[in-house]
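The block underneath contains the structure these notes are about, expressed in structure tokens.
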Amino acid sequence: AERVGLVDLLVTIARQNWGHILSRVFDDYGEVMRGLSLNAFGVDTGDYLNAKAGVYYATPDLAQPYFDSLTAWTTPRREARPRWRAYPALLALAFAGSGRNEAAIEEADSLRGGPVGYYCYHLAEAFVMLGDHDAAVEQIRKLMARRDWFSPPVFRFDPFWDPLRDHPGFQELLEGGN
């Protein structure tokens with residue numbers, strides 16, 4: 001961060017679909033992320049909206065406008081590329097964050113049983129917000145089975161996953177079981 005600048009580091013990390021995790025784990029990163037404008041992200045509007053929604057997850061009133069905007073940004077892209085599985089997952093997350101639970105479930109259901117992709121992380125987040133902890137754990141299990149995307153520490157340290165802490169399947173995954 002000292003070499004490249006904290007803002008540039010956070011923007012680069014946030015451009016990864018899971019990058020907002022660091023802004024939830026490290027308070028000083030979260031503070032910087034909350035203060036960033038769209039200008040810091042350039043043309044990466046979707047990444048900006050996802051990062052901002054993710055950093056405000058614990059304050060739904062502040063997160064909702066970003067989730068609403070993410071819905072508006074993602075919907076035409078999903079329509080233009082209906083076979084790309086990341087868009088329904090992102091919409092499921094955005095709908096869940098906007099309180100549109102039925103729409104979130106519909107988008108998530110469109111992906112059940114399909115191949116595993118990094119988008120499973122968005123689905124897991126959506127399922128946590130919807131209160132479907134079993135479905136969230138199943139998505140995490142898929143991600144961790146790949147062993148090249150996510151590992152237990154990601155889920156141990158991120159406070160977003162606190163609602164799953166008592167779930168036996170989640171505890172098993174955190175212990176390294178699959």
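What you are looking at is a predicted structure, and each value in this text was computed from that prediction instead of being measured.
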List the steps, then state whether side chain to side chain contact (heavy atoms under 4.5 Å, CB included) holds for Asp134 with His167.
CA-CA 8 Å; Asp134 291 336; His167 190 286; 2.6 Å; yes

Derivation of the side chain to side chain contact (heavy atoms under 4.5 Å, CB included) call for Glu125 and Val128
CA-CA 5 Å; Glu125 287 181 316; Val128 166; 5.8 Å; no

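Taking CZ from Phe160 and CZ from Arg24, the interatomic distance works out to 5.5 Å, rounded to the nearest 0.5 Å. Within the model, atoms CD of Gln139 and CE of Met144 stand 13.5 Å from one another, a figure rounded to the nearest 0.5 Å. The OG1 atom of Thr74 sits 9.5 Å away from atom CD of Glu107, with the distance rounded to the nearest 0.5 Å. Note: Phe157 CZ to Ile21 CD1 = 12.0 Å, rounded to the nearest 0.5 Å.
Side chains of His122 and Asn50 form a contact here, defined as non-hydrogen atoms less than 4.5 Å apart. Side-chain contact check for Asp158 versus Val154: every heavy-atom pair is 4.5 Å or farther apart. Using a 4.5 Å cut-off on side-chain heavy atoms (C-beta onward), Leu93 and Phe67 make contact. Side-chain contact between Tyr57 and Pro159 is present, with heavy atoms from C-beta onward closer than 4.5 Å. Residues Arg165 and Leu174 are in side-chain contact: their nearest non-hydrogen atoms beyond the backbone lie under 4.5 Å apart. Ile105 has its side chain out of reach of Asp132: every pair of non-hydrogen atoms, C-beta onward, lies at least 4.5 Å apart.
Considering all non-hydrogen atoms of both residues, Ser23 and Leu10 come closest at OG-CD2, 4.3 Å. For Ala96 against Met129, the heavy-atom pair with the smallest separation is CB-CB, 4.0 Å. Leu22 and Tyr29 make their closest contact through O-CB, 3.8 Å (heavy atoms, listed as atom of the first residue, atom of the second, distance). Looking at every heavy atom in both residues, Phe170 comes nearest to Ile140 through CE1-CD1, 3.8 Å. Closest non-hydrogen pair, Leu164 versus Ala136, comes out as CD1-CB, 4.2 Å. A pairwise comparison of heavy atoms in Ala53 and Ala63 identifies O-CB, 3.9 Å as the closest pair.
The aromatic ring centroids of Tyr121 and Trp161 lie less than 6.0 Å from each other.
No path of Ile, Leu, Val, Met, Phe, Trp and Tyr side chains, each step under 4.5 Å between heavy atoms, connects Leu91 with Phe127, placing them in separate hydrophobic clusters. When the side chains of ILVMFWY residues are joined at heavy-atom separations under 4.5 Å, either directly or via intervening members, Phe95 and Leu70 end up in two distinct hydrophobic clusters. Grouping the Ile, Leu, Val, Met, Phe, Trp and Tyr side chains by contacts below 4.5 angstrom, directly or via other members, places Leu173 with Leu143. Taken together through direct or relayed side-chain contacts under 4.5 Å among Ile, Leu, Val, Met, Phe, Trp and Tyr, Trp73 and Val55 form part of one hydrophobic cluster.
The cationic group of Arg81 does not satisfy the cation-pi geometry with Tyr87, failing either the under 6.0 Å distance to the six-membered ring centre or the 45° limit from the ring axis.
Lys52 contributes no side-chain N or O that, together with a main-chain N or O of Leu62, makes up a donor-acceptor pair within less than 3.5 Å. Arg100 contributes no side-chain N or O that, together with a main-chain N or O of Ala92, makes up a donor-acceptor pair within less than 3.5 Å. The main-chain N or O of Asp47 is never found under 3.5 Å from a side-chain atom of Asp44 such that the two would form a donor-acceptor pair. Of the possible donor and acceptor atoms, none in the side chain of Thr75 sits under 3.5 Å from a partner among the backbone N and O of Ala72.
Between Tyr66 and Tyr56, the angle of the ring planes stays under 30°, which puts this pair in the parallel group of the 30/60° scheme.
The number of heavy atoms from other shown groups lying within 6.0 Å of CD (Gln171) is above 12.
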